[in-house]
Number of protein chains: 2
Amino acid sequence: MPRGPANPTAVRDRLLTAARELFYAQGVHAVGVNEIAARAGASKLSLYRYFPAKDDLVAAMLAEHSDRIHAWLVRNTADAPAGADRVLSVFDLLIEWFAQPGYRGCAVVNTVTDTRAEPRVAEIARRHLLRYRELLETRVREAGGREPRALARQLLLLIEGASVVTAIDGDAQAGRAARRAARDLLSAHRTEPAAR
Amino acid sequence: MPRGPANPTAVRDRLLTAARELFYAQGVHAVGVNEIAARAGASKLSLYRYFPAKDDLVAAMLAEHSDRIHAWLVRNTADAPAGADRVLSVFDLLIEWFAQPGYRGCAVVNTVTDTRAEPRVAEIARRHLLRYRELLETRVREAGGREPRALARQLLLLIEGASVVTAIDGDAQAGRAARRAARDLLSAHRTEPAAR
DNA sequence: CTGTCATAGTACAGATCTGTACTATGAGGT
DNA sequence: ACCTCATAGTACAGATCTGTACTATGACAG
């Protein structure tokens, strides 16, 4: 058991939080490690103790962030009503999220761009999308749709598209359009035979 | 008429080309003006003559790039067969584009992220999406679909989503999924009454 | 009380980047 | 022939960033 500092909040957690907020708001390249340490109320010595290089901090922050997003999504869509609403509840959550002031797109996607697909970041991002597809596929299956895997893939495109368009256009229309498109695709996968 | 250098290729154009290639491959922050000038076979003096600051070069490059993309899209979808194929020809083009090796996502979107929505870049990006929607709306109208404006908005989400997912996953599945989703949405907007 | 060690704070080395200054060259108009 | 000026090449100033070194402090175990 390590001897804790006066402040019981783990230094490592404060560093991760500061990094997440600053990187998201300004981008990985625009934020220096000094600024992160200052916001976390930590010293650079501590930062480099927990994260040997800035890239390690980026990767650790992003992995944790991805985990948190997926836990939040699963938790908040687990007991949605049966049927199509079971899938659309994912879109309802995302619409709310994207409409928040200061929304600047998906942090995972942004970090991939910022770091130009640094290997660890790229891996986290692939896993991030995979988990999205798995959640969507599960919800589609529960709703009784045809071809849940293919549909999940299509729904993910709507989600990522809405995220990007919202970040650029700065309004909430994209989220609503994504929900409506998702509803129509769900209908198509209920009434239509699987067309090839 | 300015007195030209020995090489008739305008220095400005070479700088824009070098900037486009390097920024796309490595990101705006990762490329220095020295590298751009060297690749263009130009001097920094020339670079700063045409572009007072690096940001001006970024903005000029991106505006030109957006123009080129849209001209290319309009040109190559103008004489597609009537009906749904008129819209899907846009997706066919994009599938080909996204499947090219070295595809790293939409340069416009990436630059917005790189520069954290620098005002001129953000404006170019908004215009970029607007022109996408206008083209899609036109093609949907020509194909005889209902609610062309709303459908165009949905189709844009599929395009941007496919771009992002392709860049992260590195395979061509996303483009094909987008095309199929577009086809299904087009069907829904032909046979269904406009649901509100 | 005393020793250990995580920590904050600061300073610094080395690298890199933007933007400017200066020199030399050569093409084309007059 | 001469002059103008866009250009390439280089050097440099100032700023910033990463990662390391060093000092001082204070909490906790024994």
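So you know, we letter chains A, B, ... as the sequences are listed, proteins then strands, and number each from 1.
- Put simply, CG on A/Leu45 is 15 Å from C1' on C/dC12, counting in whole angstrom units.
- Atom P of nucleotide C/dT10 and atom CG of A/Asn34 are separated by 11 Å, given to the nearest angstrom.
- Here D/dA8 is the nucleotide among D/dA6, D/dA8, C/dA6 with the atom lying nearest to any side-chain atom of B/Ala42.
- Rounded to whole Å, atom C1' of D/dA8 lies 13 Å from atom CG of B/Leu47.
- Taking 4.0 angstrom as the limit, A/Arg12 places none of its side-chain polar atoms (N or O) nearer than this to OP1 or OP2 of C/dA6.
- In this structure, the CG atom of A/Asp55 is 13 Å from the C1' atom of D/dG19, given to the nearest Å.
- Atom-to-atom, CZ of B/Phe23 to C1' of C/dC17 comes out at 12 Å; the value is rounded to the nearest Å.
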Between B/Arg68 and B/Glu64, is a salt bridge (charged side-chain N to carboxylate O under 4.0 Å, His left out) present by the stated rule, with each step listed? CA-CA 6 Å; B/Arg68 192 168 21 238; B/Glu64 205 204 44; 3.3 Å; yes
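- Between B/Arg49 and the phosphate of D/dA8, there is no side-chain N or O to OP1/OP2 separation shorter than 4.0 Å.
- Both A/Ala30 and A/Pro52 sit near DNA chain D, but only A/Ala30 has its closest nucleotide nearer the 5' end.
- Contact of B/Lys44 with C/dG19 (side chain to base): a donor-acceptor pair of N or O atoms is detected under 3.5 Å.
- Residue contacts for B/Ala53: at a heavy-atom cut-off of 4.0 Å it reaches the sugar-phosphate backbone alone, with no base atom in range.
- Proximity of A/Ser46 to the phosphate of C/dA6: no side-chain N or O atom is located under 4.0 Å from OP1 or OP2.
- The nearest whole Å value for the distance from the NZ atom in B/Lys54 to the C1' atom in D/dT16 is 13 Å.
- Among A/Arg183, A/Arg179, A/Arg176, the one residue that satisfies the salt bridge (charged side-chain N to carboxylate O under 4.0 Å, His left out) test with A/Asp92 is A/Arg179.
- In the set C/dT7, C/dT18, D/dA6, the nucleotide with an atom closest to the side chain of B/Tyr48 is C/dT18.
- Among D/dT18, C/dT18, C/dG9, the nucleotide with an atom closest to any side-chain atom of A/Ser43 is C/dG9.
- Residue contacts shown for A/Tyr50 are limited to sugar-phosphate atoms, with no base heavy atom under 4.0 Å away.
- A/Gln26 has its CD atom 10 Å from the P atom of D/dC17, to the nearest Å.
- B/Ser163 places a side-chain N or O within donor-acceptor distance of the main-chain N or O of B/Cys106, the cut-off being under 3.5 Å.
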Working for side chain to side chain donor-acceptor pair (under 3.5 Å), residues A/Ser66 and A/Arg131: CA-CA 9 Å; A/Ser66 173; A/Arg131 287 194 285 185; 2.7 Å; yes
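- Rounded to an integer number of Å, the gap from B/Ile36 CD1 to D/dA8 P is 15 Å.
- With hydrogens and angles disregarded, a donor-acceptor distance shorter than 3.5 Å links the side chain of A/Asp114 to the backbone of A/Val28.
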